[in-house]
Amino acid sequence: MRTWSATGFMSSQPPPAEELAPLVYDELRRIAAHYIRGERPGQTLQATALVHEAYLRLANAGAPWHDKRHFVGIAARSMRQILVERARARGAQKRWAGLDRVTLTDALALAAPDAAMLPALDEALTRLEAIDPQQARLVELRYFAGLSIEEAADALAISPATLKRRWALARAWLFRELSEPASS
Amino acid sequence: MTSEQRRRVAALFEVAFELSPGDAARLLAAEAADDAAVREEVLSLLASHSRAGEFLQYPIADAVPQLLDDDPAITPGTVVGTYTIGRELGRGGMGRVYFATDARLGRTVALKALAPHLVRDPAQRERLRREARAAASLSHPGVCTVYALEEIDGDLYIASELVDGHTLRDEIASGRRHARDVLPTARELAAALAAAHAAGVVHRDLKPENVMRTRDGHVKVLDFGLARIDVVRPGADALAGRVPVTHDGIVVGTPAYMAPEQIEGGAVDRRTDVFAFGVLIYEFASGVHPFAGISPLATVARVLEHDPQPLGPRCPDMPAGVSEVVARCLQKRPSDRFGSAAEIVGALHSAVDAGAAGDHTTWWRTHQVIVSMVYVASAILAWQIKEWVETPLTVALFVALGGLATVGAVLRGHLVFTERMNRPHLAGERRRTGRPMLVIDFLIAALLLADAIVTAGVRALPAVSAVSVAVGVLLAAVVLEPATTRAAFGDEA
């Protein structure tokens, strides 16, 4: 793992999260490049594998984080930032604003307009974070990083059963925020 | 709503959402009878939950390729500035490329519409302008000419020469390559790169997709200096928690052709192109990527850690020198590679000369074999002399000659074997063994002369034989060997 040691990752003191985020982000971006522009069809990495790979790569680098959970959280947040920024750059808001109420609710339930929804989801997540930070983390882990119930539960240090209930609550809350923006 | 109320809402919801609506209503009536706001909020959330369908059920990452691909295409017929857009020719890391007609000059061009997210940052824009200027200054038949960088309604477009043909990727994929194409392709490509390097332009993203074969069979390199936007290291913005769009390098990268220093985020220079050239020619010649792994990540790991298999055995019809050139391009350390494409041109030239002189390695091989036989003959002669004139000196001379003859024959046999089986290492082996073998030849000649002097008074014939063999060995070492070596390899090492 010379990449990481070269950037000072092997120091005994884990650097603060603010410094880690850009570096992890770099790592994720590099890995993301593989499956998005894979040279040969059929070699595309699954999105879940993307985060796992980033996670494993860094986790195996001599555990520079005191806490692997910490890294998973950073990775998930990085994914959220990458994807939301990209959606914004593609003018997702305009398309989102163009959807009428009825189609909007249907589209949300069908999980159809993933890309167009992202900026709005990001804003709703920021509001959720103010109310309950753990739920926002949970959405990042499940939705942006693609972790399973068990993996996300492990990352948040809660039981899978608890996570399932919190996940249901977070989904319901966000769905309401997105389908009835005026009421929030 | 107070945080205490929220806590109650969460607790109630987490129980109620798994119950039937009737049970949920009873639960709320029992547990939250005192607070209508809490009841209402839980009911509202339950209603959302029941309608949410597949909302957030599948990770966004599953939709990422589609998300990144929705870079909207321009409809044919659209007029952008002075250009009328035609059909889409392809897409690269930085945007879509269209066939377009430039009304000003009435010529057809390839117009690349740069993806908006790449050019929002003013510094990035400025860099693109600079690189487009540098690329536009290149004029070489092997380089696709960049005409202009156009800024139209805030979007950036690069107009360049329209190349009629197909890419080397097509040739590799379809297996339409021939052994005899490898050398001309490598030479033209190296010459085009050398012209760019001489002008101070580094390609940075050389790969089969970026090299076209025109209808008349020549190669043309696309996207010089413009294929890749290097991602700026996140600075103050990222520390503040915002990830600037310019850092969004998701589209960047063809890891399979990236040099180790590029993968590791180090400095990129002409030697980075040299590495990519090596990968490209290797793949073109053999049809196999030198670092192919089971996944892109595995490929990256191999680029960083593994040496590829020598190209020679995979392509027996190719001039041996070419695989040596490729092997040197693929060195992990930039300082071990050619310093620029111009050096590749030179090395390929010598390789071709050596290749044209291909039969001359036969002379060199024959020379090695004959000299080895002469070694054996001189050892036999020393033994015969020892039989006729048995003194401690002749015994010692025989033992010494036998030893030297064995060492010399083994070294020459090793060279012949290397030449046949492991050609890329031959030059190094010849360098290593050259001086010791010269010393051995001189020693053998000297010992034979000593034998001749010892026997001269006793028997004339062996003395004369020893002298003539000694002279033969000396002449072979000093006159014949340099000649056969030069004929075979173009040097005397």
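The basis for the numbers below is simple: all heavy atoms, side chains too, and nothing from hydrogens, waters or symmetry mates. In what follows, chains are A, B, ... by sequence order, proteins preceding strands, each numbered from 1.
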- Message: In the structure I gave you, are the side-chain heavy atoms of A/R142 and A/R171 within less than 4.5 Å of one another anywhere?
- Response: no
- What do you reckon, are the aromatic ring centroids of B/H49 and B/F55 less than 6.0 Å apart? no
- Task: Report the option among B/E18, B/E41, B/E14, B/R6 that has the most heavy-atom pairs separated by less than 4.5 Å from atoms of chain A.
- Result: B/E14
- Query: Checking side chain to side chain donor-acceptor pair (under 3.5 Å) for the pair B/Y257/B/E283: CA distance, chi angles, key distance, verdict?
  - Reply: CA-CA 10 Å; B/Y257 298 86; B/E283 193 177 10; 2.2 Å; yes
- Message: Does any backbone or side-chain atom of B/S44 lie under 4.5 Å from a heavy atom of chain A? Answer side chain, backbone, both or neither.
- Response: both
- Taking everything shown except B/Q5 itself, do over 12 heavy atoms lie less than 6.0 Å from its CD? yes
- Message: Quick check for you: among B/S50, B/S48, B/P208, which has the greatest number of heavy-atom pairs under 4.5 Å with chain A?
- Response: B/S48
